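A quick note: this is a predicted structure, and the numbers were derived from the prediction, not measured. Both ligands and their constituent atoms are indexed starting at 1 by order of listing.
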Amino acid sequence: MSQEEKILVTKSSMPDLEEFIEEIRSIWDSRWLTNRGEKYQRLENELKDYLKVPEITLFSNGHMALELVIEAMGLTGEVITTPFTFASTTNAILRNGLTPVFCDIDPVTYTIDVNKIEELITDKTSAIIPVHVYGTICDVDRIQEIADKYGLKVIYDAAHAFGIEYNGCGIGTFGDASIFSFHATKVYNTIEGGAVTCKDKSIIEKLNLLKNFGIKNEVEVTEVGPNAKMNEFQAAMGLLNLKHVDGEIKKRSMVVAKYRELLGVVDGITLPVIQDNVKFNSAYFPIVVDPEKFGASRDDIYNHLHNYSIFSRKYFYPLTSSFEYFDGAHDNDDLPVATDISLKVLTLPLFADLTMEQVERICSHIIELKSK
Ligand SMILES: *Cc1c(COP(=O)(O)O)cnc(C)c1O
């Protein structure tokens, strides 16, 4: 074990402590801690502008945003989705009593393969739930064409896509709705938090009811809702982090550029795709390792870095379709690309304060494995 300091895969962005104390001071005067407080309302307005979306509503976390927008949209039967994602996407579908139908992914973007969606549509299909993985966006144009042709809803899991724009439009404007996560480990955080963006005001109104037990007024409860509200401390963190997020993304993009410079020349390592007309957020840096060409596997790199106290992540591995609760119901042979990528992908440390020296150290430990 080396003497060098630990490098974790991510490190949460935070404002200065003094700045935070100043921001939360007013909460002690108002004693208004949650339920659409002043900070919540301010954050909702600021995020609507920042994300360039027509409507937004905030949640305690991204997962509840997804669970509840699925419910609000009234989906039924089967939902076509990707297995190459975080547990949340698949769990939200299942917890709504729906059946996830897993579609393979595109070998370049790792997002849902639009050429394989149509063959999975049945008379029970009600929606498509794709994921903008690592901030690489889905083929939103083609997905909308398919949805229109078959009368399906589209809900994007945009948990990784904060601040991304496509052709100058906020990524949250595509499909019928999108969900964002503001978890501590994401590009932008409200400690924990999340949002639904959509065009349809009636969906937003339904979500505002759902996230507060379905309470319409003092005497009427109209929905069987849980509690999924964002509180004032989360909103305070969000207001301050929003001031700094552009600077944080800029610093992240320098880290990404350094990784590209050092790893782009290495045979057997594929870097994430750069997409045209997309304003990227530098959320993640996933590399895909071809063990034959590189001479060592993804797991070898993971373990080797670990020995130097550098913590990468096998993100996303395993596929959600092979989670234990499915009891082997889904065949990996039907998902050849997703299976292959999940065995070869490694997400490298990436956060705003990662230094160029640390990136060089990470890359040299990767490259030294190749020459062993
Ligand atoms: C983080 C994440 C979520 C869930 O968000 P939380 O805010 O942690 O509840 C959903 N989907 C994806 C792809 C994520 O990465």
Residues Glu165 and Lys52 bridged, charged N to O under 4.0 Å: yes
Check: Arg298 side chain, Val289 main-chain N or O, donor-acceptor pair, under 3.5 Å: no
Numbered atoms of ligand 1 (with element) below 4.0 Å of Phe86, judged on heavy atoms: 2 (C), 3 (C), 12 (C), 13 (C), 14 (C), 15 (O)
Polar contact flag for Thr85 and ligand 1 (N/O pairs, less than 3.5 Å): no
Steps toward side chain to side chain donor-acceptor pair (under 3.5 Å) verdict (Asn217, Glu220): CA-CA 5 Å; Asn217 56 44; Glu220 285 175 282; 2.6 Å; yes
Centroid-centroid under 6.0 Å between Phe102 and Phe326 rings: yes
Lys186 heavy atom under 4.0 Å from ligand 1: yes
Per-atom contacts, ligand 1 versus Gly193 - under 4.0 Å to a heavy atom: 7 (O)
Glu192-ligand 1 polar pair, N/O distance under 3.5 Å: no
Subset of ligand 1 atoms that lie under 4.0 Å from at least one heavy atom of Asn61: 7 (O), 9 (O)
Numbered atoms and elements of ligand 1 in range of His183, under 4.0 angstrom, heavy atoms: 7 (O), 8 (O)
Lys293 with Asp267: basic N within carboxylate O range, under 4.0 Å: no
Ligand 1 atoms in contact with Tyr315 (distance to a heavy atom under 4.0 Å): 15 (O)
Phe316 heavy atom under 4.0 Å from ligand 1: no
Exam field: side chain Asp113 to backbone Asn115, donor-acceptor pair closer than 3.5 Å: yes
Shortest non-hydrogen separation from Asp176 to Cys198 and the atoms involved: O-CB, 3.1 Å
Under-4.0 Å salt bridge between Lys344 and Asp290: no
Close N or O approach (Tyr284, ligand 1; < 3.5 Å): no
Shortest protein heavy-atom distance from atom 13 (C) of ligand 1, along with the residue and atom involved: Asp157 OD2, 3.5 Å
Nearest-neighbour protein heavy atom for atom 4 (C) of ligand 1, which is reported as residue plus atom name and distance: Ser88 OG, 3.6 Å
Closest non-hydrogen atom pair, Asn35 against Trp32: O-NE1, 3.1 Å
Ligand 1 N/O within reach of His160 N/O, cut-off under 3.5 Å: yes
Closest approach of any protein heavy atom to atom 5 (O) of ligand 1, naming residue and atom: Ser181 OG, 3.2 Å
Heavy-atom closest contact (Ser312 atom, Leu305 atom, distance): OG-CD1, 4.0 Å
Ligand-residue contact atoms, ligand 1 with His63, heavy atoms, under 4.0 Å: 4 (C), 5 (O), 6 (P), 9 (O)
